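A short worksheet on the structure shown next.
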Amino acid sequence: MSISFIRVDDRMIHGQTCTRWALEYPCDGIVAVNDAAANNSVLKAAYKSASGKKTFIWTMEEWKQKCQKVLDSDSRYFLITKNPIDMEKILVEQGFKCSINKVIIGPCNDRKDAVKLGNNQSITQEEADAIEKMAKAGYEVEFRLLPDVSIGNWDKFKNQFGY
């Protein structure tokens, strides 16, 4: 099986990820890819303790080196990045392929130059560009905070970013 769920979440790993989403998409562990978190021992420890599951916090370079091991594993993993740009690097630039073709965009905090799409879901033009690349590569991209809280898919919002 290897990857059972692909998610972008600016909080990366938290209780909802591990309880609510794991009911819908069973998993044995989590692989979070984020250079800043992977290089910060305090953040890394906090994320690992938050999941209650086998958890790996890797840099993008570590992901490139180890992703085949994830694919070959008998365990099921969530693949999570903090932002759409990092997920696009994995799925499009690096050409990572698994049996999942849906990307769930979770919380993305309001920030300067970000367009608010819904409650706690705001993206910048650069993030929109990354999402468009994922969509063009064949991924279905949906904005969904929780399994039962969706504001729609990329097609609903892309015209706000020139697509």
Side-chain angles (χ1 to χ4, degrees), residues 2-14 16-18 21-22 25 27 29-48 50-51 53-71 73 76-118 120-146 151 153-154 157-158 160-161 163:
S2 73
I3 302 293
S4 62
F5 184 59
I6 299 175
R7 180 168 173 87
V8 173
D9 187 327
D10 66 8
R11 297 174 295 173
M12 287 203 318
I13 301 170
H14 51 89
Q16 288 178 350
T17 305
C18 304
W21 286 106
Y25 302 96
C27 78
I30 296 171
V31 177
V33 181
N34 180 266
D35 288 351
N39 289 313
N40 180 318
S41 59
V42 174
L43 267 180
K44 207 170 177 174
Y47 283 134
K48 285 185 173 196
S51 80
K53 296 181 181 291
K54 197 173 4 176
T55 303
F56 302 96
I57 315 296
W58 291 340
T59 63
M60 189 65 70
E61 191 55 41
E62 288 174 309
W63 167 258
K64 280 195 254 185
Q65 294 169 9
K66 299 175 181 180
C67 66
Q68 190 59 48
K69 288 181 183 174
V70 174
L71 279 177
S73 173
R76 296 166 297 182
Y77 291 96
F78 283 4
L79 171 60
I80 300 174
T81 63
K82 191 172 182 66
N83 61 65
I85 297 161
D86 285 347
M87 190 60 77
E88 183 271 332
K89 284 178 186 166
I90 291 169
L91 300 179
V92 181
E93 285 182 33
Q94 294 177 15
F96 177 77
K97 296 280 185 231
C98 64
S99 61
I100 306 296
N101 70 346
K102 186 172 197 171
V103 178
I104 303 291
I105 309 280
C108 299
N109 285 325
D110 295 342
R111 292 154 285 152
K112 184 179 184 272
D113 299 328
V115 175
K116 187 172 186 67
L117 304 179
N120 201 18
Q121 291 193 295
S122 299
I123 61 171
T124 64
Q125 183 65 51
E126 186 182 10
E127 291 168 335
D129 295 345
I131 292 168
E132 178 66 10
K133 288 177 186 172
M134 288 186 277
K136 283 192 166 160
Y139 288 91
E140 179 187 343
V141 180
E142 184 177 5
F143 294 86
R144 185 179 284 254
L145 293 175
L146 293 166
I151 61 169
N153 63 19
W154 176 236
F157 301 105
K158 67 184 187 178
Q160 295 179 59
F161 299 92
Y163 294 107

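What's counted below: heavy atoms across the whole structure, side chains too, no hydrogens, waters or symmetry copies. None of the values given here were measured: they were computed from a predicted structure.
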Is the distance between the ring centroids of Phe78 and Trp21 less than 6.0 Å? no
Residue pair Ile3 / Phe96, side-chain heavy-atom distance below 4.5 Å: yes
Donor-acceptor contact below 3.5 Å, side chain Arg111 vs main chain Ser122: yes
Using side chain to side chain contact (heavy atoms under 4.5 Å, CB included) as the criterion, point out the one residue from Glu127, Glu126, Gln125 that pairs with Phe161. Gln125
Do Val33 and Asp86 make a side-chain contact, defined as non-hydrogen atoms from C-beta onward lying under 4.5 Å apart? no
Min side-chain heavy-atom separation Leu43-Asn34 under 4.5 Å: no
Ignoring hydrogens and geometry, is there a side-chain-to-backbone donor-acceptor pair from Asp10 to Asn109 under 3.5 Å? yes
Would you say Asp35's side chain and Met60's backbone share a donor-acceptor pair under 3.5 angstrom? yes
To the nearest 0.5 angstrom, please state how far the NZ atom of Lys64 sits from the OG1 atom of Thr59. 9.0 Å
Qualifying residues under ring pair (Phe, Tyr, Trp, His ring centres under 6.0 Å), relative to Tyr139, sequence neighbours excluded: none
Are Leu79 and Trp63 packed together at the side-chain level, in the sense that at least one heavy-atom pair is separated by less than 4.5 angstrom? yes
Heavy-atom donor-acceptor pair, Asn40 side chain to Ala36 backbone, under 3.5 Å: no
Apply side chain to side chain contact (heavy atoms under 4.5 Å, CB included) to the pair Ile131 and Val8, showing each step before the final yes or no. CA-CA 11 Å; Ile131 292 168; Val8 173; over 6 Å; no
Return the minimal non-hydrogen interatomic distance between Glu62 and Ala38, and the atom names on each side. OE1-CB, 4.2 Å
Hey, is the main chain of Ala37 close enough, under 3.5 Å, to the side chain of Lys44 for a donor-acceptor pair? no
Measure the shortest side-chain to side-chain distance between Cys98 and Leu71 over non-hydrogen atoms and say whether it is less than 4.5 angstrom. yes
Distance col, row Ile13:CD1 vs Arg7:CZ, nearest 0.5 angstrom, shows 11.5 Å
Answer yes or no: is there a donor N or O on one side and an acceptor on the other, between the side chain of Gln121 and the main chain of Gly106, under 3.5 Å? yes
What closest approach, in Å, do Glu142 and Arg144 show between heavy atoms, and which atom pair accounts for it? OE2-NH2, 2.6 Å
Got Phe5 and Arg76 here, is their nearest side-chain heavy-atom distance under 4.5 Å? no
Value rounded to 0.5 Å, distance of CD1 in Ile90 from CD1 in Ile85: 12.5 Å
First locate atom CD1 of Ile105, then atom OG1 of Thr81, and finally report the distance between them rounded to the nearest 0.5 Å. 7.5 Å
How close do Ala130 and Pro84 get, heavy atom to heavy atom, and via which atoms? CB-O, 3.6 Å
Roughly how far, to the nearest 0.5 Å, is CD1 of Ile151 from CG of Leu145? 7.0 Å
Mutual orientation of the aromatic rings belonging to Trp154 and Phe143 [parallel < 30°, tilted 30-60°, perpendicular > 60°]: tilted
When rounded to the nearest 0.5 Å, the distance separating CD of Gln68 from OG of Ser73 is 11.5 Å
Walk me through it: do Ile30 and Tyr47 pass the test side chain to side chain contact (heavy atoms under 4.5 Å, CB included)? CA-CA 10 Å; Ile30 296 171; Tyr47 283 134; over 6 Å; no
